[in-house]
Amino acid sequence: MTDLAAAALYQRLAGDAPPRVLDVRNAQEFARWRVEGPRPVDVLNIPYFEFVEREEASVRKVTDWIGGRAGDLVVVCAEGGSSAYVAEILQGRGLAAANLAGGMVAWGLGTTARPVTASGPVRLWQVLRFGRGCLSYVVARGEDAIVVDPHRGIDAYRLLLEQERLRLRAVFDTHLHADHVSGGSALAQDAGVGYHASPRDFEGATVPVEELVDARPVRIGLLEVLPIVPLATPGHTPGSTSLLVADAFLLTGDTLFVDDVGRPDLGGQAAAWARDLHQTLHERLRPLGDAVVVLPAHASSLAGSGTAGALAGALGDLRSRNRAMRLDLDTFVREAEHAAGSTPPEYARIRAINLGRETAAEAELTELELGKNQCALSRR
Amino acid sequence: MAEYRTVDARGLKCPMPIVKAKKEIDAIPVGEVLRVIATDPGSVLDFQGWMKTSTSYELLKQEEGQDEQGRKTFVHLLRRKA
């Protein structure tokens, strides 16, 4: 049995000879969420119980699908057990089949880190949680580093910090996340550093939070030489705060993505928050130059997320190409109201967990985070 | 309930509940019922899917419950039709 780790599968899907994916979960789970890569993935769904019931016919389905084509196969299920069972059957028939270790649970937590800037006084890494399209960041100068918008798999950040010989000095969340469980507080407490976030979003929090104040540079020890200026950018949430790093990088959280903007309807006040968001995009960001690099907390598409290059865009390019940024106020608000959907039911629970008011066991955390994020305005 | 042949798949993750149940259901006489007790919540949709793959079986009922250890259980009643 060949086991493949989630990050290794993602790298292979980005490479020259991407493997095919045989997903052996039931049809409902497959329809809800599946393995995606920087390019379309050749995927087939045959539930494992079809192999249990009709092994011969199921194997034939697989060989018919592959045809005479080269390349190997990765079998995927929810937690890695059924896919191992099917991979073994296929290997017994002489097919090169690997197993995604840990299944979609591991896929949902897997990350890959790419440098945004390879040189210069400020170094920046973008951490892509590829299964969910979430982006987070490590920013460093010298040996000092901060982490922004970490997800709950905090070992990924610890590992990166260790590899780069960096010392964690502070952790930030750009807003109170509702689509995923934040690792911010845990990562900060573990390292004995401050957890910085908007008091507006974190009202009533039981986790210790150091308050971000609009336009007041954050000073953390030696990072005084690395100015981090919080900019209040409300709209996706009332407390959404973008971080301007070294006057060159804008970490926008879920306010502004490369191809879209964040949903303003998750608080049940689509029109009011959409007005805030429009003002943010046009008034609050106006002083920033076109060369400022926007680094969002979500990717609406993984295209271009291969082994090189971060998912980012120059503010000037976004001003001309991001459709949502070009709409006038009335159209923007009208479209936001029209697109306003229901808030996924698990969001309230996730918010409460991120505030420290509620706790959940690992199995529930996995369940709460199933599927892709739904934070972008137009891509749902 | 007690008279049904029972597969205890508590604590087992997929594919084992269905692998074990498949072995048992093919061993019982046609017309009889097999009771499978599992703790994996994923078994609910998987047993529904599995029962649809063959005309020899029928899914009679699925029930949630709790066992003596306080674990949430999913009980599946299957009938062998042919």
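Scope of the values below: all heavy atoms of this structure, side chains included, with no hydrogens, waters or symmetry mates. Not measured: the values here are computed from a predicted model. Throughout, a chain's letter reflects where its sequence line sits, starting with A, and its residues are numbered from 1.
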Exercise. For chain A, find which of B:Lys22, B:Lys13, B:Gln48 contributes the most heavy-atom pairs closer than 4.5 angstrom.
Key: B:Lys22
Self-check item: Heavy-atom neighbours of B:Lys81 NZ exceed 12 at 6.0 Å
Solution: yes
Exercise. Please round to the nearest 0.5 Å and tell me the distance separating atom CD of A:Glu53 and atom CD1 of B:Ile25.
Key: 8.5 Å
Quiz prompt | Interatomic spacing from CD in A:Glu29 to CG in B:Asp46 - rounded to 0.5 Å | solution = 6.0 Å
Practice problem: Would you indicate whether the side-chain heavy atoms of B:Pro15 and A:Phe49 approach each other to under 4.5 Å? | Solution: no
Self-check item: Heavy-atom donor-acceptor pair, A:Arg54 side chain to B:Thr53 backbone, under 3.5 Å
Solution: yes
Exercise. Answer with side chain, backbone, both or neither: which region of B:Tyr57 has an atom nearer than 4.5 Å to a non-hydrogen atom of chain A?
Key: side chain
Quiz item: Which distance, rounded to the nearest 0.5 Å, do you find between the CG of B:Leu45 and the CZ of A:Arg25?
Solution: 11.5 Å
Quiz prompt | Verdict with reasoning, B:Trp50 to A:Asn26, per side-chain contact (heavy atoms from CB on, under 4.5 Å) | solution = CA-CA 9 Å; B:Trp50 172 41; A:Asn26 63 55; over 6 Å; no
